[in-house]
**Q** 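I'd like to ask some things about the structure below.
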Amino acid sequence: MAELSKTYEPKDVEEKWYQQWMADGRFHNESANGGDPFCIVIPPPNVTGILHMGHALNNNIQDVLTRVARMQGKNTVWVPGTDHAGIATQNVVERALKKEGKVRDDLGREKFIERVWEWKEEYGSTISNQLKKLGASCDWDRERFTMDEGLSEAVLEIFCRLYDKGLIYRGNRIINWCPRCETALSDEESEHVDVEGALYHLRYAVKGKKQRIVVATTRPETMLGDTAVAVNPRDERYKDLIGQMIVLPITNREIPIIADDYVDPEFGTGLVKVTPAHDPNDFEMGLRHDLPQINVMTDTGIMNENAGPYEGLDRFECRKQLMEDLKAGGLVEKVDVHHHAVGHCYRCDTVIEPRLSPQWFVKMKPLARPAIEAVNDGRIKFVPERWNNTYMNWMENIRDWCISRQIWWGHRIPIFYCDDCNHEWAAKTAETTCPKCSSSKVRQDEDVLDTWFSSWLWPFSVFGWPEKNEDLNFYYPSKTLVTGNEIIFFWVARMIMSGLEVMGDIPFDTVYIHGTVRDDQGRKMSKSLGNSIDPLDIIEKYSSDALRFSLMMITATGQDVYISDEKFEIGRNFGTKIWNAARFMEMHSEGFDVKDLSFNEEDLTPDDQHLLAKLNEAIANTNDHLQRYRFNDATLALYDFFWHSYCDWYLEYAKPILYKGTPEQKKHTLQVMHFTFSTALRLLHPFMPFLTEELWHGMDYNHTEDTIMLAAWPEKAIAKGIDPATVKYVDGKHDLIRVGRILRAEYNLANKQETTFCVRPVNAGYAKQIDNDKESIMAALKAEAIEVDVNYAPKGAMPSGISALGAVYMSIEGLVDVDAEIEKLTKELAAVNGHLANVKKKLENPHFVNKAPRDVVAVQEKRRDELAEKSEKLAKMIETMRG
RNA sequence: GGGCGAUUAGCUCAGUUGGUUAGAGCGCUUGCUUGACAUGCAAGAGGUCACAGAUUCGAAUUCUGUAUCGCCCACCA
């Protein structure tokens with residue numbers, strides 16, 4: 001047997017096993033191997049990403065599910081990969097260029113993209129490598145990138161299909177424009193942030209009259225693009241104004257006053273300035289009233305030539321100056337503080353400018369219908385279930401998806417235009433000739449697609465779709481999608497839609513939504529707050545297993561996870577505990593063959609049976625909790641079993657046998673220990689893969705598999721040789737030991753202090769069992785001797801207590817504090833009588849006896865009897881004590 | 001404006017279909033250099049389960065309302 005070191009050195013061990021697993025191809029699988037498929041596709045992290053706690057949690061969960069499935073013998077693949085993250089990556093590279101004093105136009109499109117690829121080659125695998133430190137058992141042979149050739153093919157294919165079906169179209173609409181990224185964004189990419197802004201009340205002059213009207217706006221600078229002022233047609237105050245003209249200040253443009261139902265007479269002044277090129281509602285009104293659309297800004301949010309004297313100013317600078325000018329002209333009625341939600345770019349946090357712009361859209365309603373159905377009829381389940389509502393709410397109000405981006409890094413839109421005949425078509429190949437007029441004046445659309453337009457194909461594109469192949473056939477649909485709630489709209493919903501559209505089948509049957517990782521004050525972890533805890537630091541400090549186990553331990557289903565450094569001590573301490581238990585076993589195993597884990601079931605002692613019963617419970621509970629995605633309960637069940645049932649009770653029970661028992665007894669006990677330990681290792685493996693693998697080998701078991709990764713997952717308990725009555729007796733024995741320890745503790749007895757315990761068992765059966773168990777009970781109580789007598793009567797005042805097996809007395813020379821004993825027992829008697837009274841009251845209530853289920857009543861009756869007996873005994877003890 | 005979640009021990013949180021005395025980790029108190037482990041062992045203190053009603057023989061758990069905190073969605077300029 002290889003000797004285990006005194007202390008566990010996780011760093012070397014973890015590195016070693018990951019390398020070994022990789023070298024042995026343990027993570028890889030393919031359809032040709034047949035069997036029961038189990039597939040998980042990773043939510044591809046951004047190539048720009050570095051591992052944070054959210055990733056750690058997310059991938060940890062996937063790894064646990066994957067490792068369990070693999071041990072269950074399923075044909076398991078966990079497909080990893082990264083996302084090209086269009087805007088984010090382009091931003092990173094542009095920032096690098098800026099340091100060289102360049103902008104992307106200096107390089108040109110082609111050179112710039114080359115540069116991004118270079119960046120990707122150099123830094124793009126950072127996060128994948130970090131996942132390896134976590135122990136993620138991804139099938140790295142299958143690693144994909146959303147800009148891979150294959151995945152790009154999938155993007156082009158679905159674009160053309162949807163275009164030809166009329167589900168992709170080009171439209172001129174108000175979209176969310178980020179003036180910093182200089183691109184359009186989807187509605188989901190605009191994050192609404194509540195801000196304290198201002199509601200500016202501006203005075204507009206009515207043409208030909210002295211009258212001034214007041215309009216309220218939050219964005220006064222858009223006034224330069226106003227093409228009307230609107231009132232509600234039923235608003236009596238302004239009836240006369242309808243049809244009149246307004247003269248706009250500064251530019252002196254004349255615009256009409258129109259009537260539109262959209263206007264809420266209750267809000268502001270009941271008069272709304274209409275800027276069709278900068279507001280979605282105004283845009284709609286503009287269409288209804290055939291108003292001109294005046295865009296007053298450039299791509300970068302600078303006022304353009306339509307802004308007259310403000311041309312060249314930044315939009316916010318313009319707002320400031322314009323207000324000053326209006327104020328000077330007496331055209332500002334008032335400025336109110338106003339709280340409202342303002343859209344911000346989800347990539348760079350710049351204030352979004354709603355802006356009229358020609359963009360490409362996907363018509364979502366037809367795609368949404370089957371996706372709604374799939375969740376409604378239960379083919380896809382959200383865990384926790386409440387996310388159904390979130391999903392449904394979004395799906396039922398779905399709006400068309402703006403998919404074009406004015407950046408360079410991404411999948412270029414496969415639309416071609418003929419400059420001669422204005423023909424427009426979609427094609428997967430680079431077109432040079434117009435199919436309609438044969439002209440060679442053909443150009444491709446300049447825009448690229450939204451990053452999510454490639455990730456929504458992920459569950460099937462990773463297997464080579466549109467190519468038909470066995471893997472795709474075998475592994476699709478995948479099993480569980482594990483993700484955070486923040487990308488339900490971005491990603492989950494869209495994958496469901498694309499899967500049903502393209503594959504005609506759901507992409508996964510379960511969506512497990514885990515919580516957000518927060519700091520111990522409940523704040524989201526972020527770089528700017530400086531409160532993030534780096535998983536790699538935690539691995540360095542506590543080990544990967546510790547990180548993993550602790551994360552799982554504190555992750556209640558779907559609840560947010562609050563972490564601080566100390567939380568990881570749980571996992572580290574548990575790892576140490578397991579390691580030391582193994583060392584203890586190793587110490588005593590010398591000269592014994594522990595390769596053979598079988599034992600004779602007829603020889604099981606009561607404590608053996610008790611341990612195995614607890615093991616059975618742990619197996620059943622772990623499986624049950626895992627099936628229900630209750631990871632914290634699963635880890636707690638294992639933790640509790642290993643630490644308390646196995647170490648605290650069984651190993652302590654085993655000590656006297658190992659030190660003083662016969663070789664036969666030793667051998668039998670070691671077999672039970674090793675059987676239990678090896679089962680526990682397998683149960684723990686998905687949560688602590690490295691330590692368990694190290695010990696699997698360190699303990700030198702007679703493996704059928706040379707890695708614990710493929711050892712059989714414990715599903716069923718051992719049934720034979722366990723007698724429930726005996727298990728119950730051992731529960732009682734533990735209670736007896738506890739009572740004895742309390743007596744020692746109350747008298748602060750040193751271990752060396754000689755003590756004898758006298759036990760008066762409740763029946764002869766227990767008397768015999770206790771007598772047989774004397775050795776282990778004495779060891780647990782550090783007692784010199786134990787006297788067992790069903791008729792035991794204390795000779796004088798003795799510290800005592802009542803256990804499930806009977807009364808326990810502690811014999812100590814001249815140390816008894818009689819008054820304290822009487823007080824203690826009297827207190828306990830009062831408590832027992834209190835409970836007894838409650839139970840009696842319950843049982844005397846005819847409603848309870850008649851209506852409660854029989855077993856509940858039976859429990860109460862039993863409890864009543866037990867309490868009555870205990871009460872009687874305590875009274876007698878007090879009597880004796882006084883006597 | 002809608003929707004969702006949270007409120008349980010000093011702290012951070014479990015508590016699945018209502019049913020014995022509401023649990024864990026950390027922290028705290030006391031005693032242990034016990035031949036695996038002080039990253040440990042044993043014992044202990046600490047909770048009117050946010051509040052108010054309702055249902056029920058029985059509520060931390062179900063229902064209604066209130067309060068506080070958090071998240072998501074939403075075109076009131």
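Throughout, a chain's letter reflects where its sequence line sits, starting with A, and its residues are numbered from 1.
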**Q** I need the CG-P distance between A:N850 and B:G58, as an integer number of Å.
**A**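 It is 13 Å, rounded to the nearest whole Å.
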
**Q** Quick one: which of B:C37, B:U12, B:A77 gets closest to the side chain of A:D264?
**A**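 Comparing B:C37, B:U12, B:A77 against the side chain of A:D264, the answer is B:A77.
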
**Q** Check whether any side-chain nitrogen or oxygen of A:N485 sits under 4.0 Å from OP1 or OP2 of B:C72, and answer yes or no.
**A**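 Answer no for this pair, as no side-chain N or O of A:N485 is under 4.0 Å from OP1 or OP2.
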
**Q** Checking all strands, does A:E652 fall into the base, sugar-phosphate, or nothing category for heavy-atom contacts under 4.0 angstrom?
**A**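 Contact class for A:E652: base.
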
**Q** Kindly say whether A:V342 contributes a backbone atom to a donor-acceptor pair with the side chain of A:H344 at under 3.5 angstrom?
**A**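 Yes, A:H344 side chain to A:V342 backbone: donor-acceptor pair under 3.5 Å.
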
**Q** Between A:E746 and A:T269, just flag the one whose closest nucleotide in RNA chain B comes earlier from the 5' side.
**A**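 Counting from the 5' end, the first nearest nucleotide belongs to A:E746.
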
**Q** With respect to the side chain of A:R628, which nucleotide from B:A14, B:A43, B:U16 is positioned closest?
**A**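 My answer, after comparing the listed nucleotides, is B:U16.
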
**Q** Please give the distance between the C1' atoms of B:C49 and B:A6 as a whole number of Å.
**A**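 These two C1' atoms come out 14 Å apart once rounded.
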
**Q** Look at the side-chain N and O atoms of A:W643 and state whether any lies under 4.0 Å from the OP1 or OP2 oxygen of B:C41.
**A**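 Answer yes for this pair, as a side-chain N or O of A:W643 is under 4.0 Å from OP1 or OP2.
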
**Q** If you compare every side-chain N and O of A:R399 against the phosphate oxygens of B:C75 (OP1, OP2), does one of them come in below 4.0 Å?
**A**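 Yes, within the criterion.
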
**Q** What residues form a side-chain contact (heavy atoms from CB on, under 4.5 Å) with A:D400, not counting sequence neighbours?
**A**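 side-chain contact (heavy atoms from CB on, under 4.5 Å) list for A:D400, sorted by chain: A:Y169, A:R173, A:F361, A:K363, A:M364.
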
**Q** Using a heavy-atom cut-off of under 4.0 Å over every strand shown, decide if A:K273 touches base, sugar-phosphate, or nothing.
**A**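 Touches nothing.
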
**Q** In chain order, what residues pass the side-chain contact (heavy atoms from CB on, under 4.5 Å) check against A:H338, with sequence neighbours excluded?
**A**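 By the side-chain contact (heavy atoms from CB on, under 4.5 Å) rule, A:H338 matches A:L199, A:T218, A:F267, A:H340.
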
**Q** Given B:A77, is OP1 or OP2 found less than 4.0 Å from the side-chain N or O atoms of A:H338?
**A**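 The answer is yes; a side-chain N or O of A:H338 sits under 4.0 Å from OP1 or OP2.
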
**Q** How long is the line joining CD of A:E9 and P of B:U39, in whole Å?
**A**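 It is 15 Å, rounded to the nearest whole Å.
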
**Q** From C-beta outward on A:R741, which listed nucleotide comes closest to its side chain: B:A77, B:U34, B:A42?
**A**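 Within the option list, the nearest is B:A42.
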
**Q** Output one letter per nucleotide in nucleotides 19-24 of chain B: B when a protein non-hydrogen atom lies under 4.0 Å from the base, S when only the sugar-phosphate is that close, - when neither is.
**A** BBB---

**Q** Would you measure the distance from the C1' atom in B:U62 across to the matching atom in B:U56 and give it in whole Å?
**A**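 That atom pair is separated by 10 Å.
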
**Q** Considering only side-chain heavy atoms of A:F267, which listed nucleotide, B:A14, B:C76, B:C37, is closest?
**A**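 Between B:A14, B:C76, B:C37, the one nearest the side chain of A:F267 would be B:C76.
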
**Q** I need the A:E866 CD to A:I802 CD1 distance, nearest 0.5 Å.
**A**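 Here the interatomic distance stands at 12.0 Å.
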
**Q** Between A:R219 and A:N845, who's closer to the 5' end of RNA chain B by nearest nucleotide?
**A**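 Whichever sits nearer the 5' end wins; that is A:N845.
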
**Q** Please pick, from B:A14, B:A43, B:C37, the nucleotide with the shortest atom-to-atom distance to any side-chain atom of A:R583.
**A**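 Closest of the options to the side chain of A:R583: B:C37.
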
**Q** Whole Å only: how far is the CH2 atom of A:W394 from the P atom of B:A74?
**A**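 Distance, rounded to whole Å: 10 Å.
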
**Q** Verify the neighbour count for atom CD of A:Q627: are there more than 12 heavy atoms of other residues, nucleotides or ligands below 6.0 Å?
**A**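 12 or below, so no.
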
**Q** Taking the C1' atom in each of B:G3 and B:U8, what is the distance between them to the nearest angstrom?
**A**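 Going atom to atom, C1' in each nucleotide, I get 26 Å.
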
**Q** Sticking with atom P, work out how far B:A59 lies from B:A50, rounded to a whole angstrom.
**A**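 Looking at atom P only, B:A59 and B:A50 are 15 Å apart.
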
**Q** Give me the stems containing RNA chain B, sorted by first residue, counting only three or more consecutive Watson-Crick or G-U pairs with both distances under 3.5 Å; say none if there aren't any.
**A**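 Consecutive-pair runs (3 or more) involving RNA chain B: B:1-7 with B:67-73, B:10-13 with B:23-26, B:28-32 with B:40-44, B:50-54 with B:62-66.
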
**Q** Is the count of non-hydrogen atoms from other residues, nucleotides or ligands lying under 6.0 Å from A:E784 atom CD greater than 12?
**A**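 For A:E784, atom CD is crowded (more than 12 foreign heavy atoms under 6.0 Å).
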
**Q** How would you list, by chain and number, every residue that makes a side-chain contact (heavy atoms from CB on, under 4.5 Å) with A:R864, sequence neighbours excluded?
**A**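 A:L836, A:V839, A:K840, A:L843, A:E861.
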
**Q** Expressed as a whole number of Å, how far does the C1' atom of B:C4 sit from that of B:C75?
**A**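 These two C1' atoms come out 23 Å apart once rounded.
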
**Q** Between B:U7 and B:U17, how many Å separate the two P atoms, rounded to a whole number?
**A**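 Between the two P atoms, the distance is 15 Å.
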
**Q** Of the nucleotides B:G5, B:G44, B:U39, which one has an atom closest to the side chain of A:I742?
**A**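 Nearest listed nucleotide: B:G44.
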
**Q** When rounded to the nearest Å, what value does the distance between P atoms of B:U16 and B:C72 take?
**A**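 Taking atom P in both B:U16 and B:C72, they lie 27 Å apart.
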
**Q** Between B:G58 and B:U66, how far apart are the P atoms? Round to whole Å, please.
**A**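 The same atom, P, in both gives a distance of 26 Å.
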
**Q** Check every atom of B:A77, B:A14, B:A74 against the side chain of A:D633 and return the nucleotide holding the closest atom.
**A**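 My answer, after comparing the listed nucleotides, is B:A14.
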
**Q** Out of B:A77, B:A36, B:U12, which nucleotide sits closest to the side chain of A:H588?
**A**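 Taking heavy atoms from C-beta onward, the closest nucleotide is B:A36.
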
**Q** Between A:K824 and A:E821, does a salt bridge (charged side-chain N to carboxylate O under 4.0 Å, His left out) hold up when you go through it step by step?
**A** CA-CA 5 Å; A:K824 182 190 83 187; A:E821 278 306 315; 3.2 Å; yes

**Q** Considering only side-chain heavy atoms of A:K782, which listed nucleotide, B:A77, B:G15, B:U34, is closest?
**A**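 Nearest listed nucleotide: B:U34.
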
**Q** For residues 575-585 of chain A, which side-chain N or O atoms pair as donor and acceptor with protein atoms under 3.5 Å away, sequence neighbours left out?
**A**
{"from": "A:T576", "atom 1": "OG1", "to": "A:R572", "atom 2": "O", "distance (Å)": "3.0"}
{"from": "A:W579", "atom 1": "NE1", "to": "A:S5", "atom 2": "O", "distance (Å)": "2.9"}
{"from": "A:N580", "atom 1": "OD1", "to": "A:R583", "atom 2": "NH1", "distance (Å)": "2.8"}
{"from": "A:N580", "atom 1": "ND2", "to": "A:T576", "atom 2": "O", "distance (Å)": "3.0"}
{"from": "A:R583", "atom 1": "NH1", "to": "A:K6", "atom 2": "O", "distance (Å)": "3.4"}

**Q** Which listed nucleotide (B:A36, B:C72, B:U39) is nearest to the side chain of A:K577?
**A**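 Out of B:A36, B:C72, B:U39, the nucleotide with an atom closest to A:K577's side chain is B:A36.
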
**Q** Treating A:T669 as the side-chain partner and A:A654 as the backbone partner, does any N or O pair qualify as donor plus acceptor under 3.5 Å?
**A**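 Flag not set: sc A:T669 to bb A:A654 has no pair under 3.5 Å.
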
**Q** Are OP1 or OP2 of B:C26 and a side-chain N or O of A:R572 less than 4.0 angstrom apart?
**A**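 Answer no for this pair, as no side-chain N or O of A:R572 is under 4.0 Å from OP1 or OP2.
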
**Q** Does A:R288 use its side chain to pair, donor to acceptor, with the backbone of A:D260 at less than 3.5 Å?
**A**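 Pair absent, no side-chain N/O of A:R288 close to backbone of A:D260.
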
**Q** Taking 4.0 angstrom as the limit, do A:D731 and A:K728 come out as a salt bridge?
**A**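 Salt bridge: no.
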
